[in-house]
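A short worksheet on the structure shown next.
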Amino acid sequence: LSSLVAKHGSAEALNGEVFNRLIAKIRGKSKLPSGQKILVFSPHPDDDVISMGGILRKLVENGNQITVAYQTSGNIAVFDHDVRRYLDFYERGGAVMGGGSRATDENLQKVREALASKAPGEVDTADVQALKRVIRESEAVSALENVGLSQDKARFLNLPFYQTGKVRKDPLTEEDIGITLATLNEIEPELEFAAGDLSDPHGTHRMCLEAVRKGLEAYRGHPPEVWLYRGAWQEWSVSECTVLVPLSEAELRRKILAIFKHQSQKDKAPFPGPDEREFWKRTEDRNRGTADLLVSLGLPAYYAMEAYVVEKDGERLENPPAATSTLVVGG
């Protein structure tokens with residue numbers, strides 16, 4: 001580090017420069033956007049709350065108009081036993097509500113037979129795929145309600161590249177980009193969030209980010225500021241990120257409760273990747289770990305931290321302007 005010390009004149013001056021740059025990244029609720037139109041792109045129906053469940057609630061409390069667009073159904077990540085459980089609920093609930101039709105009973109039996117006869121690794125029938133999609137959609141809107149958003153704030157894009165029923169996906173097409181562009185045209189966001197963690201095992205996050213980038217290239221409205229989040233598979237390092245959002249113990253607990261709404265991914269997700277921890281535990285460890293690292297560097301102590309990289313016009317911002325002119329360090 002001798003060259004850096006020589007450039008700044010002393011180790012103390014260098015330390016002060018690093019400290020000031022790091023503390024300038026910290027944004028409590030009063031320093032976050034308010035009154036803006038915000039579009040959140042979520043590759044799967046749980047990435048939004050896993051990666052940005054803390055800031056999402058703060059943005060709701062700040063009076064922003066928020067829409068969450070779930071890019072894929074995530075239906076291949078639902079176990080067969082979850083479908084059987086919901087079929088059983090439907091039958092038992094139907095008895096309480098007055099019973100179902102003969103056609104419905106026949107369809108239920110058809111689905112049960114399809115599940116019973118499915119060989120390991122075999123692609124689900126169209127009906128089973130649709131039911132698994134609905135399971136994940138219902139979990140997503142439940143999680144949104146947990147962070148203060150109503151069901152009508154959800155958009156389920158169901159991008160075609162994902163609809164193979166298999167782990168292997170199709171390449172992106174103009175249809176995928178067109179659906180993404182239509183969402184941008186509908187919302188006309190001033191601020192957009194997208195997944196920047198590209199280490200998910202099957203490449204879905206990478207393809208979803210590509211769809212967002214290509215959609216933005218074709219978008220003729222005013223280009224939104226883009227905040228990239230990470231969470232399920234990796235986290236931005238303190239040196240990489242441009243914004244750090246502090247969370248209190250209660251806020252982190254509420255974020256984890258939102259993740260719990262995704263019951264089909266609870267206990268053991270079908271595709272956890274090399275990290276065997278549950279998604280909520282990964283989130284807790286990463287958010288706590290970021291806060292602990294800041295403390296070790298001599299910065300103020302917070303219970304947990306979410307990290308983001310901010311881009312404007314395709315370029316990463318080193319010090320994006322805050323929502324107000326006075327730095328407020330706090331939850």
Side-chain angles (χ1 to χ4, degrees), residues 21 24-27 29-44 47-48 51-56 58-72 144 149 152-161 171-198 203-231 236 240-245 306-325:
R21 289 193 182 192
K25 297 181 180 186
I26 300 174
R27 303 282 182 86
K29 189 172 75 171
S30 63
K31 299 294 291 183
L32 293 174
S34 61
Q36 293 191 23
K37 289 189 289 185
I38 297 176
L39 175 59
V40 176
F41 281 108
S42 180
H44 300 97
D47 289 309
D48 54 336
S51 302
M52 53 175 293
I55 196 175
L56 197 52
K58 291 177 186 286
L59 292 172
V60 171
E61 293 171 350
N62 277 0
N64 294 285
Q65 302 174 47
I66 303 172
T67 302
V68 181
Y70 299 100
Q71 294 170 274
T72 74
L144 284 186
L149 290 172
D152 64 300
K153 301 304 181 185
R155 300 290 185 276
F156 295 99
L157 307 188
N158 208 18
L159 294 181
F161 84 86
L172 279 180
T173 66
E174 290 300 319
E175 187 177 1
D176 297 296
I177 298 164
I179 293 171
T180 304
L181 177 59
T183 307
L184 288 164
N185 287 331
E186 176 199 352
I187 306 302
E188 298 181 333
E190 298 165 83
L191 175 60
E192 174 188 299
F193 287 82
D197 51 345
L198 307 181
T204 300
H205 284 214
R206 187 177 298 276
M207 296 179 73
C208 284
L209 182 59
E210 183 181 352
V212 169
R213 296 222 187 269
K214 290 185 178 298
L216 285 171
E217 289 174 5
Y219 181 53
R220 298 305 175 208
H222 184 72
E225 188 172 88
V226 177
W227 289 35
L228 298 177
Y229 59 78
R230 288 180 172 178
W236 294 113
E240 286 180 294
C241 72
T242 43
V243 170
L244 291 162
V245 178
E306 292 177 338
Y308 300 89
V309 163
V310 181
E311 296 179 344
K312 185 67 175 178
D313 299 324
E315 299 292 331
R316 181 177 298 195
L317 299 183
E318 292 301 322
N319 270 307
T324 59
S325 59

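Starting from 1, each residue takes its place in the sequence as its number.
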Going by heavy atoms in the side chains, are His205 and Asp47 under 4.5 Å from each other? yes
What are the two closest heavy atoms between Asn64 and Pro33, and how far apart are they? ND2-O, 2.9 Å
Give, for atom CG of Leu244 and atom CD1 of Ile55, the distance between the pair rounded to the nearest 0.5 Å. 10.5 Å
Would you kindly check if the NZ (Lys) or CZ (Arg) of Arg27 is within the cone defined by 45 degrees around the ring axis of Trp227 and under 6.0 Å from the six-membered ring centre? no
Side-chain donor/acceptor of Trp236 to backbone N/O of Leu228, under 3.5 Å: yes
Within a strict 4.5 Å, meaning less than it, do heavy atoms of the Phe41 and Leu157 side chains meet? yes
State the OG-NZ distance between Ser34 and Lys29, to the nearest 0.5 angstrom. 11.0 Å
Main-chain N/O of Ser42 paired to Asp48 side chain as donor or acceptor, under 3.5 Å: no
Using a 3.5 Å distance criterion without hydrogens, assess whether the side chain of Glu190 forms a donor-acceptor pair with backbone atoms of Ile38. no
Could you pull out the closest heavy-atom pair between Leu39 and Ala69, with the gap in Å? CD1-CB, 4.1 Å
Once you round to the nearest 0.5 Å, how far does CD of Glu186 lie from CG of Leu181? 12.0 Å
Point-to-point distance, once rounded to the nearest 0.5 Å, from CZ of Arg21 to OG1 of Thr242: 13.5 Å
If you define the side chain from C-beta out and look only at heavy atoms, does anything of Arg155 sit under 4.5 Å from Thr67? yes
Using atom types as modelled and distance alone, determine if a side-chain donor or acceptor of Lys312 lies under 3.5 Å from a backbone N or O of Val226. no
Ring center gap for Tyr70 and Phe156 short of 6.0 angstrom: yes
Without swapping roles, check the side chain of Thr180 against the backbone of Val212 for a donor-acceptor pair under 3.5 Å. no
The side chain to side chain contact (heavy atoms under 4.5 Å, CB included) partners of Pro224 (sequence neighbours excluded) come to Pro189, Glu192, Leu216, Tyr219
Are Arg213 and Glu311 close enough for a salt bridge, meaning some N to O gap below 4.0 Å? yes
Measuring from Lys37:NZ to Glu188:CD, what's the distance to the nearest 0.5 Å? 4.5 Å
Pairwise side-chain contact, Lys153 with Val68, heavy-atom cut-off 4.5 Å (strictly under): no
Looking only at atom types and distance, does a side-chain atom of Thr72 sit under 3.5 Å from a main-chain N or O of Leu159, one as donor and one as acceptor? no
Distance check, rounded to the nearest 0.5 Å: Ile66 atom CD1 versus Leu191 atom CG? 9.0 Å
